[in-house]
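Worksheet: one structure, shown below.
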Amino acid sequence: MAQQVRYERRGSTGVITIDNPPVNALSKAVRQGLVDCVMQGLGDEAAKALVVIGAGRTFIAGADIREFGQPLEPPDGNFIIAGLETAGKPIIAAIHGTALGGGLEVALGCHYRVAVPSAQVGLPEVKLGLLPGAGGTQRLPRLIGVKPALDMITIGDFVRAGKAKELGIIDEIVEGDLLEGALRFAETVAGRGTAGRRIREREDKIAEARSNPVLFQEYRAAVRKRARGQESPLRSIDAVEAAVTLPFTEGLKREREIFQELVTSTQSRALIHAFFAEREAMNIPGVPPDTPTRPIKTAAVIGCGTMGGGIAMSFANAGIPVTVVETSSEALERGLAVIRGNYAATVAKGRLEPAAMDKRMGLIKGTLELAAVKEADVVVEAVFEEMAIKKDLFAKLDRLAKPGAVLATNTSSLDVNAIAAETARPQDVIGTHFFSPANVMRLIEIVRGAKTGRDVIATTMKLAKTLAKVPVLVGVCEGFVGNRMIFQYIREAQFLLEEGALPWQVDKALQDWGLAMGPFAMSDMAGNDVGWRIRKQQAPTRPNDRRYSHLADEICERGRFGQKTNAGWYRYEKGSRAPLPDAEIEALILAESKRLGIERRPIADEEIVKRTIYALVNEGARILEEGIALRASDIDVIYLTGYGFPAWRGGPMFYADTVGLDKVYADVARFHAAQGYFWRPAPLLEKLAREGRRFSDLDSRKG
Ligand SMILES: NC(=O)c1ccc[n+]([C@@H]2O[C@H](COP(=O)([O-])OP(=O)(O)OC[C@H]3O[C@@H](n4cnc5c(N)ncnc54)[C@H](O)[C@@H]3O)[C@@H](O)[C@H]2O)c1
């Protein structure tokens with residue numbers, strides 16, 4: 001245990017090295033080791049100063065997340081950090097990689113901080129629904145001032161070494177070898193003592209805020225807007241305010257109290273669930289991590305429309321050369337121009353170097369020759385959503401693609417097995433359901449066909465990671481996981497209109513609840529005509545089996561396809577994407593209620609949330625039962641990364657668990673009695689509710 005932290009002397013400096021791969025997390029053994037080694041260093045008369053450094057690729061990347069929620073075993077962070085800070089010898093934190101959370105707090109307990117240029121520091125606890133609980137909220141404002149500290153703590157973003165030096169977090173940037181630089185630095189400060197360097201004793205940077213309580217009021221108002229519904233950013237402000245209004249040790253106590261409240265909160269549990277769920281999604285029974293994968297060095301994308309263009313960009317962004325194939329030079333030119341325009345917009349925003357744009361554009365080649373796919377290790381088809389076209393294409397790909405190439409389809413609704421059956425190599429065919437815009441959205445539903453090979457699954461999951469995406473493995477069914485669930489949700493949102501709500505009320509209720517966007521604004525963005533065209537091809541509905549509200553067709557018959565026609569469920573000013581309530585829509589909805597003989601009633605926001613979110617949950621339960629998703633947490637990942645579901649709710653399935661499945665089931669059964677067919681409770685939901693269990697009880701999480 002003890003060798004996770006070791007002490008040695010180099011000249012007149014004691015060096016404390018933390019060696020707990022992979023990221024030097026502050027486990028119990030590391031905490032104890034730090035205490036022991038600091039004691040040893042302070043007792044070593046030949047050591048005039050101490051350096052704390054991380055072995056391997058980083059300083060301390062934070063607490064051990066797995067210890068959250070459990071009683072923390074001593075020694076605790078505050079004890080260690082107080083020991084560092086009050087020591088009589090100068091202690092220098094030498095930072096490379098990342099100093100995050102508890103890692104930065106340890107560094108703030110030191111008297112000096114030096115870092116290599118690539119190092120990053122941050123207090124990202126807020127992203128897990130927490131706050132820095134080992135003095136971060138008390139020391140950082142004393143070091144860099146209240147406003148910059150609030151920004152770092154309530155947003156949780158990382159700060160690069162250069163910026164950190166400007167802010168005053170880092171004292172010196174070390175070019176070249178970190179330890180050598182830190183040792184040189186240590187020699188220069190060795191004789192100086194530590195009195196003026198203890199952050200706890202500093203008052204200068206917080207004095208101004210002490211006489212300016214409005215600062216906190218204004219900051220709270222801004223955060224309420226920015227972090228809608230989320231507790232931890234607001235509670236972090238309380239803790240920083242305590243740094244300003246209370247003596248240091250009282251402030252520390254206050255920080256600890258708030259930390260304890262947050263660590264047991266549902267929001268924190270949800271965010272930690274989301275963190276682990278994303279990693280767990282890579283875990284596929286029957287496809288162990290050592291499953292051989294095929295090398296992917298070159299790619300081809302068929303179709304350079306909305307999706308194909310974004311997918312090609314994703315490859316280029318990852319440095320993989322990609323050939324895009326189109327049917328006409330006009331379509332190809334148009335597609336490549338959109339790609340160029342997207343990159344240029346990023347350059348204009350200062351988020352991409354012009355040289356990087358040129359490099360990426362250089363990786364994308366356009367052609368009208370399908371035969372060009374013969375070079376590609378992976379081919380992603382993104383042509384029109386028509387089975388006949390896709391079948392024809394896959395038959396051709398079967399003849400043209402090199403043996404062993406992964407043949408992927410981006411279909412959002414068609415049967416991957418039927419597409420695979422057009423080839424003599426169905427084991428190589430898989431679905432890669434990207435989300436729009438494909439160069440931005442992180443989610444990919446990886447659709448496993450009945451015959452898809454295990455190595456092809458492993459290869460595609462790995463490829464998705466290379467593309468900086470979040471892959472989730474799903475099975476074949478209409479709409480796969482995400483869209484199959486969203487149909488139910490949208491249907492229910494539309495029924496609410498017939499019963500008494502208006503689109504802007506439904507959207508606001510769900511946005512207030514935490515969703516990035518309500519269902520009607522979302523439909524307007526995606527295009528209302530997409531579903532309309534599909535419905536027109538479907539069999540007419542039976543009278544008692546109403547599949548959807550007629551309103552959805554009515555607005556399309558009026559040409560209201562959404563943002564692209566400046567009118568949908570909302571109206572839009574030319575050139576603007578801001579949805580505006582529209583009297584025409586209100587009149588239309590009122591007339592539809594009348595036509596259906598429904599007496600409109602006021603609908604509470606609570607009913608809106610339950611009717612729509614439980615529609616997701618009930619369908620999610622069916623999907624789980626059918627084995628289309630491997631685990632409830634995978635469904636959560638899909639909603640968190642693909643549908644703007646608030647991370648602090650943990651995803652629809654986790655949310656249902658937190659409500660209690662007995663309560664969710666009771667409401668679903670009630671809706672079933674009132675609304676009929678579509679609310680048939682999923683048998684799995686009913687079963688778990690009766691047994692007093694949760695969806696998460698079904699997920700076997702490996703440690
Ligand atoms: N748009 C979305 O939000 C979205 C999201 C996920 C998945 N998808 C799926 O992605 C696929 C593409 O959708 P899209 O929105 O990009 O469509 P799109 O109409 O924007 O683009 C399709 C492109 O494919 C080209 N094309 C058609 N047949 C071709 C062929 N035989 N060879 C080469 N190119 C051909 C067309 O010229 C067109 O440029 C569809 O299967 C769709 O269901 C779309």
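Counting convention: from 1, in listed order, for ligands and their atoms alike.
Side-chain N/O atoms of Glu385 and Ser413 include a donor and acceptor closer than 3.5 Å.
Using a 4.0 Å cut-off between charged nitrogen and carboxylate oxygen, Lys127 and Asp157 count as a salt-bridge pair.
Residues meeting the salt bridge (charged side-chain N to carboxylate O under 4.0 Å, His left out) test with Lys359, sequence neighbours left out: none.
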Close N/O pairs between ligand 1 and protein, under 3.5 Å:
residue: ligand 1; atom: 10 (O); partner: Asn410; partner atom: ND2; Å: 2.9
residue: ligand 1; atom: 16 (O); partner: Thr306; partner atom: N; Å: 3.3
residue: ligand 1; atom: 16 (O); partner: Met307; partner atom: N; Å: 2.7
residue: ligand 1; atom: 20 (O); partner: Thr306; partner atom: N; Å: 2.9
residue: ligand 1; atom: 20 (O); partner: Thr306; partner atom: OG1; Å: 3.0
residue: ligand 1; atom: 37 (O); partner: Glu326; partner atom: OE1; Å: 2.7
residue: ligand 1; atom: 37 (O); partner: Glu326; partner atom: OE2; Å: 3.3
residue: ligand 1; atom: 39 (O); partner: Glu326; partner atom: OE2; Å: 2.5
residue: ligand 1; atom: 41 (O); partner: Val383; partner atom: O; Å: 3.4
residue: ligand 1; atom: 41 (O); partner: Glu385; partner atom: OE1; Å: 2.5
residue: ligand 1; atom: 41 (O); partner: Lys390; partner atom: NZ; Å: 2.5
residue: ligand 1; atom: 43 (O); partner: Glu385; partner atom: OE1; Å: 2.8
residue: ligand 1; atom: 43 (O); partner: Ser412; partner atom: OG; Å: 2.7

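Listed for the Asp524 side chain is a donor-acceptor partner under 3.5 Å among the backbone atoms of Trp569. With hydrogens and angles disregarded, no donor-acceptor distance shorter than 3.5 Å links the side chain of Asn417 to the backbone of Gly449.
Side-chain atoms of Val406 and Thr460, non-hydrogen and from C-beta on, do get closer than 4.5 Å to each other.
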